[in-house]
Protein chains: 2
Amino acid sequence: MATITDVARLARVSPATVSRVLNGTTDVSPERAERVRQAVAELQYQPFSPARALRRQLTDVWAVIVADIENPFFTSVVRGIEDGAREFGYRVLLCNSDEDVGKEAGYIDVAVGERVGGVVISVASTRQSDLAPLLRLGVPVVAVDRRPVGHLVDSVLVDNRLGARQATAHLIENGARRVACITGPKRLSTANERLAGYKDALAAAGRRFDESLVLREDFRQAGGYDAVRALTSGRPRAHPDALFVANNQMTVGALQALQQQDLDVPGDVKVVGFDDAPWATLTRPQLTVVAQPTYDIGRTAAELLATARAAKGGPREVVLVPKLVVRESSGRPG
Amino acid sequence: MATITDVARLARVSPATVSRVLNGTTDVSPERAERVRQAVAELQYQPFSPARALRRQLTDVWAVIVADIENPFFTSVVRGIEDGAREFGYRVLLCNSDEDVGKEAGYIDVAVGERVGGVVISVASTRQSDLAPLLRLGVPVVAVDRRPVGHLVDSVLVDNRLGARQATAHLIENGARRVACITGPKRLSTANERLAGYKDALAAAGRRFDESLVLREDFRQAGGYDAVRALTSGRPRAHPDALFVANNQMTVGALQALQQQDLDVPGDVKVVGFDDAPWATLTRPQLTVVAQPTYDIGRTAAELLATARAAKGGPREVVLVPKLVVRESSGRPG
DNA sequence: GTGAAAGCGCTAACAC
DNA sequence: GTGTTAGCGCTTTCAC
């Protein structure tokens with residue numbers, strides 16, 4: 001591969017001049033600039049990024065570390081981040097922590113090693129994810145979706161508690177007597193906040209909180225499936241007549257389990273899921289969900305990251321509002 | 001941030017010795033090695049990747065360039081690639097070309113600039129995507145899903161023609177008289193191969209090929225929706241009684257359009273989609289699809305990439321076999 | 001406006 | 001085993 005020296009030789013100028021033409025830092029005489037451009041084209045020269053990064057001590061790359069690249073929620077957020085990054089002149093290095101704190105730590109090390117210009121992260125664990133290596137370096141970090149505790153970073157969150165409260169209240173209004181909550185692991189703030197919102201709604205309706213109706217699973221499809229199997233395995237009187245499922249992938253699993261057991265939705269069990277999906281109107285019945293502003297979450301994160309170095313004061317926190325989208329799976333009033 | 005020199009000073013050794021400890025290239029006396037490790041820990045030293053890449057002239061990074069990060073097909077492929085990459089000791093830099101040859105070219109330049117160790121790409125265009133910058137550099141490239149013409153690269157493809165033929169034949173066997181094909185743009189080999197398979201099946205059944213029953217849209221949801229609207233807008237006798245939809249996202253749109261027009265599936269219109277989805281059993285009726293071995297595609301690509309430098313002979317091509325998964329949307333025989 | 005020269009942090013060749 | 005040294009490709013003073 002050609003180097004800047006090769007280009008300089010061919011264009012009969014110094015390497016410094018080639019650099020100046022490429023970066024537009026100083027004026028170069030038109031003729032020489034033209035010679036340089038020709039030489040670049042002829043040699044198909046492409047600057048070697050590591051050399052440039054070494055010299056400049058920074059890169060125009062952001063690392064985006066998401067917990068689950070297969071979850072459409074995150075890919076939509078990523079799209080928002082990407083579009084924002086492009087606008088601000090950054091490239092995006094996308095990493096998948098796979099809900100694993102260890103893998104996540106590895107990618108954080110990579111981000112540190114690359115001296116990336118910024119990091120957007122949906123932490124694998126609210127308490128255990130360690131952002132310190134980034135913060136020590138002074139790399140701006142924006143947390144999305146999940147709240148990291150003990151680290152002072154900007155964040156873009158959704159009012160999960162509100163969304164969960166609305167979902168649960170809606171089920172109660174529609175006549176549900178025993179609403180179960182299938183939520184995620186304790187290590188995720190989203191799981192806890194959605195559970196809290198569920199409790200809020202019960203309390204507001206004067207309902208007793210029944211521990212046996214709350215199940216924690218991982219946020220994956222199999223978790224939703226297993227939860228429903230467990231909830232419907234005991235004596236029938238103990239079964240729930242409504243489900244608030246706190247995550248999109250678990251909702252798929254939950255619906256599959258209900259279907260397999262010939263339980264009618266919403267007749268036997270009413271269902272509200274979290275996060276909308278393109279196919280939510282294709283299921284029978286159509287799925288009621290708490291929709292999240294996924295793309296905006298990403299967009300907003302990019303804006304915070306781009307302005308992080310200039311920002312004064314403490315961490316900035318943006319909380320976006322989810323929206324209950326009522327379809328058929330949650331039944332009807334009365 | 002601490003440098004290798006800082007570590008060396010603190011450990012009272014030379015920078016070379018620190019490097020040796022970190023990379024395990026040569027034996028270092030136990031005591032000195034221990035001192036180095038302590039210094040590394042104390043300073044929280046993290047090697048600066050660009051400096052290392054500059055010196056070594058290569059990186060342990062693969063670029064994975066996918067056409068649409070929001071398409072679950074690709075994210076599943078990516079998971080396969082990632083798992084393979086990890087096994088072979090590579091990190092994955094994920095890029096989203098957004099079905100745009102221009103953005104794709106930008107990421108190819110990035111890959112060249114970074115001198116990545118390999119590239120896995122699902123090209124944005126069979127003919128227009130330009131892999132030459134990579135090949136000139138000698139970077140191993142593996143194409144997945146879509147076939148790039150005019151470039152000698154390894155590839156992992158699916159037998160789209162076979163899958164499409166099976167899908168269409170199945171619809172015909174189930175009594176469809178007018179099978180429409182909603183496929184993708186001409187620039188994508190997958191779109192063309194699936195159309196070819198559709199034609200194969202018609203021919204094998206002795207059916208006349210009717211141009212008006214073939215629609216090309218982009219591979220996105222709105223495309224499927226628009227196609228169905230178009231197909232059902234003319235005089236009823238011209239409407240199809242079956243649809244072969246050549247892509248997962250378009251299938252969602254197509255089903256939505258059918259639903260909106262109160263067309264019964266499979267009564268009025270039988271449907272087979274391409275690529276399976278977790279929610280395919282939740283729709284009413286359950287969706288018949290041609291399932292692709294997504295994860296294996298990625299896995300296989302990683303294996304080809306890891307062994308590319310050692311491989312002799314011409315380009316290697318692996319063709320995986322899709323599988324028709326019959327559910328309800330395609331009707332019943334007779 | 002331009003070139004010479006230094007140096008970013010790291011590793012590998014070479015001495016000892 | 002270990003330290004010294006050179007140099008990867010680039011940008012940025014500093015002279016002129």
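In what follows, chains are A, B, ... by sequence order, proteins preceding strands, each numbered from 1. What you are looking at is a predicted structure, and each value in this text was computed from that prediction instead of being measured.
- One can place CG of B/D27 at 17 Å from C1' of C/dA12, the figure rounded to the nearest angstrom.
- Side-chain N/O atoms of B/N96 and B/E70 include no donor and acceptor closer than 3.5 Å.
- Between A/T3 and D/dG9, a side-chain N or O to OP1/OP2 separation shorter than 4.0 Å is absent.
- Residue order along DNA chain D, read from the 5' end via each residue's closest nucleotide, puts B/S29 first among B/S29 and A/P15.
- Rounded to an integer number of Å, the gap from CZ of A/R52 to C1' of C/dC8 is 15 Å.
- Take the nearest nucleotide of DNA chain D for B/A16 and for B/A51: the residue whose nucleotide is more 5' is B/A16.
- A side-chain contact (heavy atoms from CB on, under 4.5 Å) with B/R187 is found for one member of B/R146, B/R127, B/E99 and no other, namely B/E99.
- The CZ-C1' distance, from A/R115 to C/dC8, rounds to 11 Å in whole Å.
- At the heavy-atom level, B/R20 lies under 4.0 Å from base atoms of the strands shown.
- Taking every side-chain heavy atom of A/T17 into account, C/dG3 is the closest of C/dG3, D/dT4, D/dC10.
- Between the side chains of A/T75 and A/N71, no donor N or O sits under 3.5 Å from an acceptor N or O.
- OP1 or OP2 of C/dG3 lies within a sub-4.0 Å distance of a side-chain N or O belonging to A/R32.
- Between the side chain of B/D145 and the backbone N or O of B/S122, no donor-acceptor pair lies under 3.5 Å.
- The phosphate of D/dC10 has neither OP1 nor OP2 within less than 4.0 Å of any side-chain N or O from A/T5.
- Closest to the side chain of B/R55, from the set C/dT2, C/dG1, D/dG7, is D/dG7.
- Nucleic acid contact for B/P47: sugar-phosphate only, since backbone atoms but no base atoms lie under 4.0 Å from a heavy atom of the residue.
- Rounding to whole angstrom units, CD of residue B/E114 and P of D/dC8 are separated by 20 Å.
- Taking atom OH on B/Y45 and atom C1' on C/dT11, their separation rounds to 11 Å, with Å as the unit.
- There is no side-chain donor-acceptor pair under 3.5 Å between B/R115 and A/S49.
- Computed from coordinates, the B/N23 CG to C/dG9 C1' distance equals 13 Å when rounded to whole Å.
- The nearest whole Å value for the distance from the CZ atom in A/R56 to the C1' atom in D/dT13 is 16 Å.
- At the phosphate of D/dG1, neither OP1 nor OP2 sits under 4.0 Å from any side-chain N or O atom of B/T26.
- Taking 4.0 angstrom as the limit, B/Q57 places a side-chain polar atom (N or O) nearer than this to OP1 or OP2 of D/dG9.
- Between the P atom of D/dT12 and the CD1 atom of A/I4 lies a distance of 11 Å, rounded to the nearest Å.
- Closest approach to the A/L54 side chain among C/dC10, D/dG9, C/dT11 is made by D/dG9 (side chain taken as heavy atoms from C-beta onward).
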